[in-house]
Amino acid sequence: MFDLAQLRCFTTLAAELNFRRAAERLNMTQPPLSRQIQLLEHQLGVTLFTRSTRSVALTAAGRAFFVEAQALLDQAHRAAQSARLAAIGESGALTISFVASAVYDVLPRAITTAKRERPGVDIALLEMSTFEQVQALRARRVDLAIVRAPLQQPGLISECLLREPFVLAAPAAHPLAQHERPTLEMLHGQPFILYAHTAWQPFNELHTGLFRASGIQPEFVQALGSTLTILSLVNAGMGLALVPRSASAIRFEQVRFRELPLPAGVCGELHLVWRDDNDNPALPSMIAAVRQAARDIYPQN
């Protein structure tokens, strides 16, 4: 079967229709060029050129083969270019998994930056719980994970991406929604919607510990895993909630957000996690984009 070198010899001669000029373009002498053309014709079993002492012309078979040969060379060039771009992270694919709250501000900003700087990289997004993300990382289904709890596990690199304060989410008709400076003590005895207690969600223990330490006892009416679901119940007037500040980007008609003075250590965290053996060339630039987005939104971190 013919090779790319033979195709280059053929297409160059087909373009020049002159052995001397074609050989010069190929940086070779005429005899090796003639041998390459003869070998190609033998392998194909057809005559590609008619030759005389004064002229060279393509046969009908040569004209048909020229179209396909040029397409093969173009495809080979694109394949080589694609490999080079993938090797430096300029093309390829990247999969990011995330907890829902990461899409409120950090992730969209990071993706906008990444697509601007690396337009050839296809980015796939998967919303998952932290537990599901750990499994996906282990199975190499995702390259980068954004979770709420740190993952100190062998084979994984975990870093705190940002820390953000909690804000009070209150139904619009609730008195605290109208209060300019509500305090933690004002939550005593009030209907309150907690985050569910799970191994991968730290907010339940954080909030219940805060209430115990402050001697405050809200009336817990529900415990749910999703910030969006919690805000839906606040919107329905079922109770108050403490949610990460980034969740205030979610707009419900009957939900009002108020700053609440809390101890410095009571905050929500997002953690960035990836495998320590991930060799995807597009990963470092994506990590940098997510870090920069977090710094832009929370410069105090």
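Residue numbers start at 1 and run along the sequence shown.
Side chain of H188 to main chain of I216: no donor-acceptor pair is present (N/O by atom type, distance under 3.5 Å, no hydrogens or angles). Of the possible polar contacts, one joining the S285 side chain to the A282 backbone as a donor-acceptor pair under 3.5 Å is found. Between the side chain of Q36 and the backbone N or O of L33 there is no donor-acceptor pair closer than 3.5 Å. With hydrogens and angles disregarded, a donor-acceptor distance shorter than 3.5 Å links the side chain of Q178 to the backbone of A172.
The side-chain hydrogen bond (donor to acceptor under 3.5 Å, both in side chains) analysis of residues 255-270, with sequence neighbours excluded, yields the pairs R163-E269, R245-E259, E269-H271.
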side-chain contact (heavy atoms from CB on, under 4.5 Å) evaluation trace for I123 with K115: CA-CA 8 Å; I123 300 174; K115 293 301 290 183; 3.8 Å; yes
Verdict with reasoning, V99 to T130, per side-chain contact (heavy atoms from CB on, under 4.5 Å): CA-CA 7 Å; V99 291; T130 299; 3.7 Å; yes
Derivation of the side-chain contact (heavy atoms from CB on, under 4.5 Å) call for L26 and C9: CA-CA 7 Å; L26 293 166; C9 288; 4.0 Å; yes
Stepwise side-chain contact (heavy atoms from CB on, under 4.5 Å) check, L228 with F252: CA-CA 10 Å; L228 185 61; F252 283 92; 3.8 Å; yes
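Between the side chains of S232 and T229, no donor-acceptor pair is found at a separation under 3.5 Å. Side-chain contact check for Y195 and S226: no donor-acceptor pair (N or O, by modelled atom type) lies under 3.5 Å.
Residues L194 and H207 have side chains in contact (heavy-atom distance under 4.5 Å, counting atoms from C-beta outward). In this structure the side chain of N18 never reaches within 4.5 angstrom of the side chain of V56, judged on heavy atoms. Between R118 and M286, every side-chain heavy-atom pair lies at or beyond the 4.5 Å cut-off. When side chains are defined from C-beta on, D276 does not count as touching L156, because their heavy atoms never get closer than 4.5 Å. For the pair I287 and W274, the minimum side-chain heavy-atom distance is below 4.5 Å. Annotation: side chain of V243 is not in contact with side chain of V234 (no heavy-atom distance under 4.5 Å). Counting heavy atoms from C-beta outward, D122 and L94 have side chains that stay 4.5 Å or more apart. Between L17 and L13, the closest side-chain pair of non-hydrogen atoms is not below 4.5 Å.
Between F220 and F211, the ring planes lie tilted relative to each other; the angle falls in the 30° to 60° range.
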Quiz: residues 132-146 side-chain donor-acceptor pairs under 3.5 angstrom, not counting sequence neighbours:
unit_1, atom_1, unit_2, atom_2, d
E132, OE1, S129, N, 2.9
E132, OE1, S129, OG, 3.4
Q133, OE1, S97, OG, 2.7
Q133, OE1, F98, N, 3.4
Q133, OE1, I146, N, 3.2
Q133, NE2, M128, O, 3.4
Q133, NE2, I146, O, 3.1
R138, NH1, P154, O, 2.9
R138, NH2, Q153, OE1, 3.1
R138, NH2, P154, O, 2.9
R140, NH2, D277, OD2, 2.7
D143, OD1, N278, ND2, 3.1
D143, OD2, T95, N, 2.9

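L7 approaches A69 most closely through the heavy-atom pair CD2-CB, 3.9 Å. Listed here is the closest heavy atom pair of A196 and G225: CB-N, 3.9 Å. Considering every non-hydrogen atom in both F166 and C267, the closest pair reads CE1-C, 3.3 Å. Closest approach of T11 to F66, counting heavy atoms only: O-CE1, 3.8 Å. Closest approach of L206 and G265 over heavy atoms only: CD1-O, 4.4 Å. Of all the heavy atoms in L162 and A294, the pair that sits closest is CD2-CB, 3.9 Å.
Atom CE of M238 sits about 6.0 Å away from atom CD1 of I193, to the nearest 0.5 Å. Residue E219 holds its CD atom at 11.0 Å from CD of Q217, rounded to the nearest 0.5 Å. Between atom OG1 of residue T183 and atom CG of residue L168 there is a gap of 10.0 Å, rounded to the nearest 0.5 Å. Considering CG of L72 and CD of Q70, their distance stands at 9.5 Å, rounded to 0.5 Å. Note that CG of N235 is 7.5 Å distant from CD of E253, once rounded to the nearest 0.5 Å. Atom-to-atom distance recorded for L176:CG and R181:CZ is 15.0 Å, nearest 0.5 angstrom.
A salt bridge links R148 and E164; the closest N-O separation between the charged side-chain nitrogens and carboxylate oxygens is under 4.0 Å. E41 and R51 are joined by a salt bridge, as a carboxylate oxygen and a charged side-chain nitrogen come within less than 4.0 angstrom of each other.
Connection of L39 to L58 is not established within any shared hydrophobic cluster, with ILVMFWY side chains joined at heavy-atom distances below 4.5 Å, either directly or through further cluster members.
When each of Q190, Q254, H179 is tested with H174 by the rule side chain to side chain donor-acceptor pair (under 3.5 Å), just one qualifies, namely Q190.
For E68, the CD atom counts as loosely surrounded, since its 6.0 Å shell holds 12 or fewer non-hydrogen atoms of other residues, nucleotides or ligands.
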